[in-house]
Structure formats: C-alpha cells, structure tokens
Amino acid sequence: MSDGGCLFCRIAKRTVPSDIVGEADGLLAFRDIHPQAPTHLLIIPTEHVPSLADVSGAHTTLLGNAMQFANRLARQYQLGSGYRIVVNSGAQAGQSVWHLHFHLLGGRAFQWPPG
Ligand code: DGP
C-alpha cells in the first residue's frame, strides 16, 4: 500500500526524483537530500509504514531485510571502520517525513550521546 501524499512513497514510485543507490526485498535506498555525513543514505520500505512506532509482527521480515540491506550498503560504500543507523520515530525524536526510514551514516566519526 502507498499513500499518494507521502513524499517517500512518491520517491519509491519514481514520481519524485531521487538519487537511488539500491533496491532489495521491498526496500529502496537513496541519498539523503541534506547529508549529515560523507555517506548518508535513506533506506525505506516501498510499502507505506508511517513510523517505527507503527510496525508489528507483520513487519518482522521487512525489518530484518532492512538491516541486512544496510549491512550490504555499508560494505559497498566501504564503511568498514564504522557506520551508524538512525531511526527518528516521532516528532520529538526529529522525525520529519512520515514514512519509515533508516538513516545509514558513515565516513566520519560520530559523537555519543547524539544531540
Ligand atoms: P527524519 O528527520 O528522520 O524524518 O529524516 C528525513 C530525511 O529525509 C532528512 O534527513 C532529509 C530527507 N529528505 C527530505 N526530503 C527529501 C527529498 O525530497 N529527497 C531526499 N532524497 N531526501 C529528503
């Protein structure tokens, strides 16, 4: 299912242009338009899921596939010295696009705790 008003659904349908870097198992990866690291990719399910707070047991395989996809992309982008996966779930956490997405960030050192 997709949501016609959802930006990332439109990216998944290619009706909004993006720099797509990979596709696998109902997932799409593309470059973040405002990169926060030398490598900053977004991994999304092609089906519309608003946020991590909306996932259920029905999404278990999708979530596992997303982590394996991230791992493959990290190898492809030579992030062997370290990378970070971020999910902002909810407005207070900084979620701004209401379609589940995993940020894959790498190519620099990161601080902890995050801001
Ligand atoms: P979040 O704040 O966690 O919901 O992350 C949303 C990300 O989406 C943010 O890092 C910027 C990115 N973004 C917003 N609009 C677009 C767009 O039109 N194209 C691409 N490629 N990325 C976008």
Side-chain angles (χ1 to χ4, degrees):
M1 276 236 298
S2 73
D3 176 339
C6 169
L7 173 64
F8 286 179
C9 283
R10 290 158 75 189
I11 285 178
K13 288 187 163 178
R14 277 69 163 176
T15 57
V16 166
S18 69
D19 188 353
I20 292 171
V21 298
E23 193 168 15
D25 303 320
L27 299 153
L28 188 73
F30 54 95
R31 291 187 188 279
D32 194 292
I33 205 166
H34 295 131
Q36 302 299 317
T39 297
H40 186 172
L41 307 179
L42 298 173
I43 297 170
I44 65 165
T46 54
E47 75 166 289
H48 185 71
V49 180
S51 81
L52 192 62
D54 297 298
V55 305
S56 68
H59 300 105
T60 300
T61 300
L62 181 75
L63 295 175
N65 286 340
M67 293 302 97
Q68 292 186 64
F69 189 26
N71 205 11
R72 288 198 300 278
L73 287 164
R75 278 199 292 272
Q76 185 181 331
Y77 284 84
Q78 299 175 328
L79 305 181
S81 56
Y83 61 88
R84 185 171 285 185
I85 305 280
V86 173
V87 181
N88 298 319
S89 185
Q92 188 168 330
Q95 184 174 3
S96 61
V97 177
W98 294 87
H99 181 126
L100 175 62
H101 50 282
F102 301 90
H103 297 259
L104 170 58
L105 300 136
R108 68 169 173 84
F110 296 99
Q111 306 300 312
W112 193 264

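Counting starts at 1 for both ligands and their atoms, following the listed order. Numbers for residues simply follow the sequence, beginning at 1.
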Check your understanding: Can you name the nearest heavy-atom pair linking H48 to C9, along with the distance?
Key -> ND1-SG, 3.5 Å
Exercise for review: Of all the heavy-atom pairs spanning D25 and L62, show the shortest one and how long it is.
Suggested key: O-CD1, 4.1 Å
Point to revise | Sequence-distant partners of R108, salt bridge (charged side-chain N to carboxylate O under 4.0 Å, His left out), two or more places apart | key: none
Please table the atom pairs, donor to acceptor, closer than 3.5 Å between any side-chain atom in residues 13-20 and protein atoms at least two apart or in another chain.
residue	atom	partner	partner atom	Å
K13	NZ	S2	OG	3.0
R14	NH1	A12	O	3.0
R14	NH2	E23	OE1	3.1
T15	OG1	R10	O	3.2
D19	OD2	R31	NE	3.3

**Study point:** Short side-chain to backbone donor-acceptor contact, H40 and A37, under 3.5 Å
**Key:** no
Check your understanding: By side chain to side chain contact (heavy atoms under 4.5 Å, CB included), which residues pair with Q68, not counting sequence neighbours?
Key -> N65, R72
Write out each pair where an N or O from ligand 1 and one from the protein are under 3.5 Å apart, with the distance.
residue	atom	partner	partner atom	Å
ligand 1	2 (O)	G94	O	2.9
ligand 1	2 (O)	S96	N	3.4
ligand 1	2 (O)	S96	OG	2.9
ligand 1	3 (O)	N88	ND2	2.8
ligand 1	3 (O)	H101	NE2	3.0
ligand 1	3 (O)	H103	NE2	2.8
ligand 1	4 (O)	S96	N	2.7
ligand 1	4 (O)	S96	OG	3.2
ligand 1	4 (O)	V97	N	3.1
ligand 1	4 (O)	H101	NE2	2.9
ligand 1	5 (O)	H101	NE2	3.0
ligand 1	5 (O)	H103	NE2	3.3
ligand 1	10 (O)	D32	OD1	3.2
ligand 1	10 (O)	D32	OD2	2.5
ligand 1	21 (N)	R31	O	2.9
ligand 1	22 (N)	I33	N	3.2

